[in-house]
2 protein chains.
Amino acid sequence: MNVVDQNLSRIEREPLWDRAHTQLREALLAGRFEPGSALVLRQLADTFGTSITPVRDALSRLVAQRVLEQGPRNSALVPDVRANALKDLMVVRCELEGRAAREAALKADAAGLEALEALLAEMRGMIAKRRLDTYLDVHRRFHFGVYAMSGIAILVEMIENLWLRCGPVLSFVVPEYVLSLKGTDHHAALLAAIRAGDGARAEAEIIADIEEAGRYLLGLADTDGRIRRAG
Amino acid sequence: MNVVDQNLSRIEREPLWDRAHTQLREALLAGRFEPGSALVLRQLADTFGTSITPVRDALSRLVAQRVLEQGPRNSALVPDVRANALKDLMVVRCELEGRAAREAALKADAAGLEALEALLAEMRGMIAKRRLDTYLDVHRRFHFGVYAMSGIAILVEMIENLWLRCGPVLSFVVPEYVLSLKGTDHHAALLAAIRAGDGARAEAEIIADIEEAGRYLLGLADTDGRIRRAG
DNA sequence: TGTTGTTATTTGTTATAACAAACAACATAC
DNA sequence: GTATGTTGTTTGTTATAACAAATAACAACA
């Protein structure tokens, strides 16, 4: 078997548990599962059209990654991120993403800066055109573009995990929030700081960005600490 | 079935995959697997006396936690932590453990401080009596005692993962290293800073502790970046 | 000698069935 | 009426077999 065939078969023969893993992750992020509800093996197997084996595999991985919670009887629960948990997640995010931004400022190269600039412009365009559904995606690429610039793979990986654990809550920042931001564009300031090689300022900007969004989300919480979509 | 029986059955009926997961984790930490080697399902199933199903479950969880690496054909590989990877791990450890120490200084209570003091004394005693095999265990309890004091569960959990990912390398700090430390006792200084409520100093001490051990381990690396036991 | 094709073995993946604990609904006894 | 026991259902766990891809060993051929 030659190299071409190898690549072909590698693409078309993605394991079923991998597919299930990805689909579950996306559904989580999109908020298609009710927080606190249990994910049932046979039920998911039906919707995926597979046996329970790959589903069980995907769920156990998700639980191991703390993306899902472990309920009684080793069942997998959709995490319900309350105000308290979100606050803790934000603390760790500030710490890790702050460090990543600081490192990025030290290691920035021309090509990387240009790519980030393009993403920033794209974000601006989407806000201007009110394309808020796709804004989040570009926003995510911008953030992780910065983190990847740190050159520390483990750091990026752990930040990805944190974003996943914030769950659908992260998507709540649109649409109201983004539009309400007039003066402070932390993203632009972050990029400027990185370009200037100013690690401390880059860290401060990303932390400001995270904390601002965090305060907004926490403001959405009711007395139980449950966070509801603003729209 | 009454409550007593429930608890009994809950204890004696730990899932097989959980057992395998724990045993594999401990073996990893103890360095009983050769770095870079593949963990084979049927082989491990034989040694555990089970079918491959629970073993597969345990391995997939370990890979999801990044404690094991994912090799070709979705096989699970024993990670071989080289100098480069260790350096990155240390960066993230400094960031997270530094923050945890800082928070601990703000939230310390009398009972917790007393417990930490006892652990510190125990560590001193073990060094004095050259009981270096059990030293590491107390050392670990001291560190995580501090982190737990932060009150941020997510932070503690992520630090645990980092320690696991450092793998057997962490155990290399004994015996030579600990005995070579004369003047600087970062652990005592850390505890003093926490007692004084001085978060910045607590963070500085834990970072110094991590970086000192890191420098020692990096000094053990050969030209390939492979780290070998000093003893 | 070096390359190629074939076969046997290894090894992860998936479906399936048997199983056991937990849960819910319902009936029975006091 | 409340408590208790029974039964059926749900649901995660485990063993097993069939499967497919990769690898290794080896034979055949140029």
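Sequence lines set the chain letters: A, B, ... in the order given, protein chains first and strands last, and positions in each chain run from 1. The analysis underlying the following values was restricted to heavy atoms, covering all of them including side chains, and did not include hydrogens, waters or symmetry mates. Because the structure is a prediction, the values reported are computed rather than measured.
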> Looking at residues at least two apart in the chain, or sitting in another chain, which of them share a side chain to side chain contact (heavy atoms under 4.5 Å, CB included) with Glu95(A)?
Replying inline: Glu95(B), Leu96(B), Arg99(B), Arg102(B)

> Across all strands shown, which nucleotide pairs with dA30(D) by Watson-Crick or G-U wobble geometry, both distances under 3.5 Å?
Replying inline: dT1(C)

> Passes side chain to side chain contact (heavy atoms under 4.5 Å, CB included), Leu44(A) versus Ile52(A)? Steps please.
Replying inline: CA-CA 8 Å; Leu44(A) 289 171; Ile52(A) 64 175; over 6 Å; no

>> Base contacts versus sugar-phosphate-only contacts with protein, heavy atoms under 4.0 Å: please encode nucleotides 10-15 of chain D as B, S and - from 5' to 3'.
In response: -BBBBB

>> Checking the side chain of Asn84(B) only, and the main-chain atoms of Gly225(B) only, is there a donor and an acceptor separated by less than 3.5 Å?
In response: no

>> With no hydrogens and no angle check, just 3.5 Å: does a side-chain donor-acceptor pair link Gln70(A) and Asn74(A)?
In response: yes

> Under the side chain to side chain contact (heavy atoms under 4.5 Å, CB included) test, which residues partner Ala202(B), sequence neighbours left out?
Replying inline: Ala101(B), Ala105(B), Leu190(B), Ala193(B), Ile194(B)

